[in-house]
Amino acid sequence: MTVLRPTITTAIAAADGPSMVQSVDWLAIAPVVITAAVGLLVLVADLFLPEHRKPLLGWISVAGLAAATATLLPLRAGDRTTFCLTGPGTADPGACSYAADHFALVVQFLVLGGALVTALLSVTAVREARMPAGEYWFLLLSSAAGAALLPASRDLATLIVALEVASLPAFALVGMRRGDRLSSEAALKFFLSSVTATAVSLMGVSFVYAATGSLHLTQVADRLGNVPGQLDTLAMAGVALTLVGFAFKTAAVPFHFWVPDTYVGAPLPVAGYLSVIGKAVGFTGLVLVTVIAFPAYSDVWGPALAVLAALTMTLGNAAALRQSADRPGGAVRLLAWSSVGQAGYLLVPIAAAAYAGRDQIGSTVAYALMYAAVNLGAFAVAALVARTKPLHRLSDYRGLYSESPLAALAMAFFLLCLAGLPPGIIGLFAKVTVFRSAVDAGLGWLAVVMAVNVVIALYYYLRWTALLFRAPDGDAAREGAQEGAQPRTRAPWPVTAAIVLTAATALVLSGAPQLVLRFATGSLFPL
C-alpha cells in the first residue's frame, strides 16, 4: 500500500555538478514549524495591539502550542524522514537530517506539553509582573521550537543549532524582570556558562567531522568504527568534548553551578520551564550523540556518564538537604537542587546503554515523562503560593492545607511522586525502572549509589510534605505580612488549570504506570 504524504519538491542546481532533488515532508516538521510560526505571529502582532489587548498574545501562544502538540497525532506511526542526502553517489537511506521516529515524537510531546503548561502559568505572571508581553511570548515559543527540533535532529550541525535555538531565548527569559538584580545576575551567569559549554561542544564536533568526514549521525557511527590509528586520539577527544554542551544542559556535575541561582532569579514559570524542557533538551542530545553517533566509543562515554550520574545525584541531594526553611527563595532553591539530583537518575540508563545496548534508553524517556508532569506541577503550586507569599520560603507552605486543601494535596502528591513513595506510584515505578537498567548493565555500584540517594532524598521531600499539613504558625504569618506578603486572592484559573492538568496526568500514570514504559520504549530507535 502506498502512503501519500504532503511534500514539496525543490530543485537545487549546483553550479559545477548535477542537480539534486530535495523532498520536504511538511507534516513531519509541522510541530516545529507551527511553534516557530506562532512565535513570529506574536512578535508582529505585538507591534499593532494596544496595551490593554496585549494579554491576547498569551492566549494566541497557548493555542499555538496546543495546535503544535495536536499535530503529533498523525505522526504516531513514527516512520517519517526528510532533508535526506540525495544525488549521484550520495543516496543513503539513513543519512537524513530530520527523523520523526517514535523517540522524536515522545520527546516532542514532552517538550510541547511542558511548554503548554508553562504558557498557562505565564499568562497571569506576565501581566502581574509587567513583563513585555510580545518579547516574552516570542522568546518562549522560539525556545520551544528549538527544543522540539532537537529530538528529531539526525546530524551534528542540526543538533547544535537546535540546542542553541532552545537556549538563547532562555537567557533572555531568565532576565525578563527588568530592574531586578537577581534576575539580571542569573541571566548573566546562565549565559556565560552556557556559551562556554557550547564553544567546547563545537570544537568537539569539528574534531569528529575531521575524523569521519560526515556530520550525519548514522554515517559518523559507521566511520568511527574504522577510524585510522593516527586519528583515533582526535576522534576520542571530539567525542568527549561534544558531550560537554549536552551535559551542561542536563545540569550534570560539575556543569551544574548555574542551576540554583538561575532558578531563583528567573520568573517562576521560566524556572519550571528550564527544570523540565531544558533537561529534556540536554538528555535528548546526550542520547542521540552517544547511542546513535558514538557507539564505537562506548568504552569512553559509558564510564564517564556513570561517574557523572553518581556525582550528580549525590551532590544534588546533599545540597537539597541543607536548605533552610526560613531562607528567602528556599523553596525554589530546593526544587533546583532536587532537579540536579533527578538529573543523576536520568543519566543512569544512558550510561547503562554503553554496556547493555540501546534498549536501556527507554528507562530515561519513561523517567523524563514522569518527572516533567510532577515537577511542572510542583512549580505550578509554587506559583499559586507565591501570589500571597512572594518570598518563596519553605516555611510559607506551613499550614497550606488549612488555606487551600486541594493545592496542598496536589503538592503533597507531586512531592511523593518525586520521592518515589505511594500514592505516587509513577515515581516509584520510574525509579525501579532506572534501578533495573543499572543492574542489567552490570553497574551494581551505581545501583547502590542510587539506592542510597533515594533514601537521602526522602528526608527533604517528606519534610516539605509534612509542612503542608501542620498547623499555621501565627508568628510566621505576621512576619510574612510585615515582609511583603499580599492578602489572599482567588487563584487565577490558568494557574488552577496547570495544577489540575499536571495532577491528573500524574494520577493517570500512577494508576497505569506500565503505559509510560510502553509509550517510551515502543519502536524506540528504529534506525
Side-chain angles (χ1 to χ4, degrees), residues 3-7 24-38 64-84 93-94 96-117 141 143-155 158-159 162-163 165-166 217-218 276-277 279-289 291-292 346 349-350 358-373 376 430 505 508-509 514-527:
V3 178
L4 298 179
R5 298 176 179 173
T7 61
V24 179
D25 188 341
W26 286 102
L27 181 58
I29 64 175
V32 179
V33 171
I34 290 175
T35 306
V38 174
L65 288 168
T69 306
T71 58
L72 295 173
L73 293 176
L75 301 172
R76 59 186 181 277
D79 60 349
R80 310 174 85 102
T81 56
T82 189
F83 300 114
C84 302
C96 296
S97 294
Y98 190 101
D101 56 23
H102 187 82
F103 173 75
L105 298 179
V106 171
V107 178
Q108 285 178 336
F109 173 77
L110 187 159
V111 166
L112 295 174
L116 179 59
V117 173
L141 289 166
S143 179
L149 171 62
L150 193 139
S153 303
R154 291 298 181 271
D155 69 66
T158 307
L159 270 176
L163 181 67
V165 171
L217 302 184
T218 52
V276 172
I277 311 304
K279 277 190 172 46
V281 167
F283 281 104
T284 301
L286 273 180
V287 167
L288 292 175
V289 296
V291 177
I292 293 184
L346 284 161
I350 305 178
R358 61 175 60 180
D359 290 341
Q360 304 297 322
I361 297 302
S363 300
T364 285
V365 180
Y367 199 102
L369 289 169
M370 178 281 301
Y371 173 76
L376 277 174
T505 302
V508 170
L509 296 181
Q514 69 278 7
L515 294 179
V516 180
L517 194 58
R518 289 179 187 172
F519 182 55
T521 59
S523 304
L524 200 60
F525 292 126
L527 296 179

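In this chain, residues are counted from 1 in sequence order. Predicted model, so just to flag it, every value in this text is computed and none were measured.
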Work out which heavy atom in [X] is nearest to a heavy atom in [Y]; give both atom names and the distance.
| X | Y | value |
| --- | --- | --- |
| Q108 | P151 | CG-CG, 3.8 Å |
| I277 | A115 | CD1-N, 4.0 Å |
| L346 | A368 | CD2-N, 3.7 Å |
| V111 | A280 | CG2-CB, 4.3 Å |
| A166 | V281 | CB-CG2, 4.2 Å |
| T505 | A373 | CG2-CB, 4.1 Å |

Under a 4.5 Å cut-off applied to non-hydrogen side-chain atoms, are [X] and [Y] in contact?
| X | Y | answer |
| --- | --- | --- |
| L75 | P31 | yes |
| F83 | I29 | yes |
| D101 | R154 | yes |
| L369 | L509 | no |

Given T81, D155, T82, the one that forms side-chain contact (heavy atoms from CB on, under 4.5 Å) with S97: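 For S97, the side-chain contact (heavy atoms from CB on, under 4.5 Å) test succeeds with only one of T81, D155, T82, which is D155.
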Of the options V107, V106, L105, which is the one that meets F103 in a side-chain contact (heavy atoms from CB on, under 4.5 Å)?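 Single side-chain contact (heavy atoms from CB on, under 4.5 Å) partner of F103 among V107, V106, L105: V107.
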Has the side chain of [X] got a donor or acceptor atom that lies under 3.5 Å from a matching backbone atom of [Y]?
| X | Y | answer |
| --- | --- | --- |
| Y98 | A28 | yes |
| T35 | L141 | no |
| S153 | L149 | yes |

About how many Å separate [atom2] of [Y] and [atom1] of [X], when rounded to the nearest 0.5 Å?
| X | Y | atom1 | atom2 | result |
| --- | --- | --- | --- | --- |
| L112 | I34 | CG | CD1 | 9.5 Å |
| L163 | L150 | CG | CG | 6.0 Å |
| F283 | L288 | CZ | CG | 13.5 Å |
| L159 | I292 | CG | CD1 | 9.0 Å |
| K279 | L286 | NZ | CG | 12.0 Å |
| L116 | L65 | CG | CG | 6.0 Å |

